[in-house]
Amino acid sequence: MQIKLSEAIENCSAALCYEKNCDDVFFDGAASDNRLVKKNNLFVCIKGEHNDGHNFAKDAVERGASVILAERNPFEGNPPVPVLLVENSVKALGLLAKYARMRFGEDKSKKVIAITGTAGKTSVKELLAHILSMEKDLSFNESKVAKNPLNYNTQIGMPVSVLNATGEEKYWVFELGISHTQDMDELGRILWPDMAIILNAASGHTEGLGDMGVAYYKAQLLNFLPKDGSAYVSGDYPDLFVHAYYNKENTKFFSTSSKKIPYRGRYLGVTDEGFGKYLLKTPAEEFEAESIYVGEYGAENCIAAAGLALELGFSIEQIQKAMKTVQAPQMRFNKHSYKAWTIIDDTYNANPLSTARMIESAHELAKNQDFILMLGEMGELGELAEQEHISLGEIIAENNPLAVYFKGSAAKAVQKGLAGKNYAGIFKPVENTEEFIKDVSNLPLRHEKHLIVFKGSRFNHLEEYVKAFMEQCNAL
């Protein structure tokens, strides 16, 4: 969205560091990574744990940045472009995104939709955005919808994504990720959504959300809806149900298990083509749909997105086509086929709920195939870390893969869970790709086809294991 320099100064209370005339200066879009700067972008200098964005301002200008947002002048003397000096770059970035959202909302026909939850946020964001991009003739018009890429859902990524929207869209669909108690308040005050989805609430980022619980802080999103705003919230998580029930008048609950809740999704199994098949019910509609998501969790994704899309006036036919044609986001349930192998790359992140769902879904897809797991430690679990990894071992054993490889310090806890459920397969901790490739190459495979899943928290860098495995497959 194009924002004049004068508007930016006013809305983030910045001081201007620049000696030339800048009456006509503006920025269009934003970046906090100098490598992603485009022409006329705002470059946001943020001092992090490992790098200081102020040190990359010169490169950002060379790449086309027209304005710099910073906590100090990152140049020697007069800067080459206007510098907006603020006390806190992240907070100022949020204020600029809030201003962009206010301008977008001047047209009341446009809608801002927020999505949160412990697992599946990115998948539902992609699914809903795909549905909302559909035209009446069943073609797709991606320019109708803005969304945050991947899971740019933090106090940096989400406002940067907002500023990168053109403002000409009809819908904004943004996911909100929280790790600390204040996060939802900070994100909510930027986005002020018209509609919301709270997909689920389980163990995830519990290290920073331990006092009131995950469900309480997820439900705080409802505080930022207008009085007539709609919220679709899962009724399958008791704590979330309670917090949402007493929090918002226009909450619509959905479920994959209760027949008493009006919005329901039920998993019907996997089709011959490998799609998940679902029965979706609302107070007014009942229909079947197929999706790339396979397993019980897919019913949660589909009914949440379908309910909201129906309220916005989309037809069953539009929803069915969009659900079947949506593409998985990068490193999120990406399926690749290499000769006899099916490879599922879900390496972007992991928590207990998302990992359990992935294992269960992959187990179903692996029918009559060798089933192998390459997992990484789940982070940000605090005091729950050991027990959650023991529980992970139990879930793995119940799905009985041929072999389990594990990277991280929680290997003993996983092994304890496996032993508790009498797992008789192969379990091996690995520290690097060479060790993993050497061992997996010698597995006693029993079937003509094989399926392997890669999933773990980001710090494990399991995408390197995916790459090494694919290179191994190509070499065979």
Side-chain angles (χ1 to χ4, degrees), residues 1-2 28-30 97-117 120-153 157-177 187-188 190-199 221-222 224-226 228-233 250-252 254 263 282 289 291 301-327 329:
M1 181 178 289
Q2 190 176 111
D28 190 354
K98 182 180 179 180
Y99 170 67
R101 191 270 178 261
M102 181 192 71
R103 278 180 40 186
F104 182 75
E106 290 172 355
D107 183 343
K108 300 303 180 184
S109 69
K110 298 181 176 183
K111 299 294 181 184
V112 176
I113 301 154
I115 299 170
T116 195
K121 295 184 293 297
T122 303
S123 296
V124 172
K125 175 197 68 187
E126 295 294 330
L127 175 58
L128 182 60
H130 193 53
I131 295 171
L132 301 186
S133 72
M134 179 167 280
E135 303 285 10
K136 290 184 178 179
D137 65 357
L138 302 186
S139 65
F140 292 96
N141 178 5
E142 301 296 338
S143 66
K144 286 177 61 179
V145 184
K147 60 186 179 181
N148 31 7
L150 295 175
N151 68 339
Y152 279 38
N153 57 26
M158 196 271 284
V160 163
S161 301
V162 167
L163 292 173
N164 281 325
T166 66
E168 300 299 318
E169 302 90 355
K170 188 171 183 180
Y171 303 104
W172 283 2
V173 183
F174 290 101
E175 64 172 280
L176 311 183
L187 293 170
I190 295 169
L191 200 60
W192 291 103
D194 300 298
M195 307 175 79
I197 292 173
I198 305 181
L199 197 59
L221 173 60
L222 304 180
F224 299 95
L225 290 172
D228 60 348
S230 292
Y232 290 79
V233 180
N250 295 321
T251 297
K252 301 172 178 68
F254 60 86
Y263 291 81
T282 74
S291 169
N301 293 356
C302 291
I303 188 57
L308 192 148
L310 287 168
E311 181 177 341
L312 289 173
F314 286 81
S315 69
I316 291 173
E317 188 178 13
Q318 287 174 309
I319 292 169
Q320 287 171 323
K321 180 174 180 181
M323 284 188 173
K324 194 166 185 178
T325 57
V326 66
Q327 298 295 307

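Starting from 1, each residue takes its place in the sequence as its number.
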Before you tell me yes or no, could you show the steps for N250 and L225 under side-chain contact (heavy atoms from CB on, under 4.5 Å), namely the whole-Å CA-CA distance, both residues' side-chain angles and the distance that decides it to 0.1 Å? CA-CA 10 Å; N250 295 321; L225 290 172; over 6 Å; no
Full working for side-chain contact (heavy atoms from CB on, under 4.5 Å) between L312 and I113: CA-CA 11 Å; L312 289 173; I113 301 154; 4.2 Å; yes
Determine, stepwise, if the pair I115 / N153 fulfils side-chain contact (heavy atoms from CB on, under 4.5 Å). CA-CA 10 Å; I115 299 170; N153 57 26; over 6 Å; no
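Ion pair D194/K108 not flagged as a salt bridge, since none of the NZ, NE, NH1 or NH2 atoms sits closer than 4.0 Å to an Asp/Glu carboxylate oxygen. Between K147 and E126 a salt bridge is recorded (basic side-chain N to carboxylate O distance below 4.0 Å).
The distance from the OH atom of Y232 to the CG atom of L310 is 7.5 Å, given to the nearest 0.5 Å. Residue Q320 holds its CD atom at 12.5 Å from OG of S291, rounded to the nearest 0.5 Å. The CG atom of L163 lies 10.0 Å from the CE atom of M158; values are rounded to the nearest 0.5 Å. Between atom CG of residue L127 and atom CG of residue L132 there is a gap of 9.0 Å, rounded to the nearest 0.5 Å. Remark: L308 CG to F314 CZ distance equals 9.5 Å, nearest 0.5 Å. Residue S133 holds its OG atom at 10.0 Å from CG of L128, rounded to the nearest 0.5 Å.
With sequence neighbours left out, the salt bridge (Lys or Arg N to Asp or Glu O under 4.0 Å) criterion links E135 to K144. For A114, the side chain to side chain contact (heavy atoms under 4.5 Å, CB included) criterion is met by L176, L191, P193, L221, not counting sequence neighbours. Shown here are the salt bridge (Lys or Arg N to Asp or Glu O under 4.0 Å) partners of E311, two or more places apart in sequence or in another chain: K252. With sequence neighbours left out, the side chain to side chain donor-acceptor pair (under 3.5 Å) criterion links D107 to S109. With sequence neighbours excluded, no residue forms a salt bridge (Lys or Arg N to Asp or Glu O under 4.0 Å) with K110. Checked against salt bridge (Lys or Arg N to Asp or Glu O under 4.0 Å), D28 has no partners two or more places apart in sequence or in another chain.
The only member of Q327, K125, E142, M323 that meets side-chain contact (heavy atoms from CB on, under 4.5 Å) when paired with H130 is E142.
Closest non-hydrogen pair, S161 versus F174, comes out as CB-CE2, 3.7 Å. A pairwise comparison of heavy atoms in G177 and L187 identifies O-CD1, 3.5 Å as the closest pair. The two atoms that bring V160 and A30 nearest to each other are CG1-O, 3.6 Å, heavy atoms only. In plain terms, the two heavy atoms of I131 and A305 that are nearest each other are CD1-CB, 4.1 Å. Taking every heavy atom of both residues into account, I190 and P159 meet most closely at CD1-CG, 4.4 Å.
Annotation: side chain of M1 is not in contact with side chain of T166 (no heavy-atom distance under 4.5 Å). Taking 4.5 Å as the limit, some side-chain heavy atom of E175 sits within range of a side-chain heavy atom of N148. Residues I198 and T251 have side chains not in contact (no heavy-atom distance under 4.5 Å, counting atoms from C-beta outward). Here the side chains of T325 and F140 are in contact, with some heavy-atom distance below 4.5 Å.
Around atom CZ of F104, more than 12 heavy atoms belonging to other residues, nucleotides or ligands sit under 6.0 Å away.
Between the side chain of N164 and the main chain of G29, no donor-acceptor pair closer than 3.5 Å is present. A donor-acceptor pair is defined here as one N or O able to donate and one able to accept, closer than 3.5 Å; such a pair exists between the side chain of R101 and the backbone of W192.
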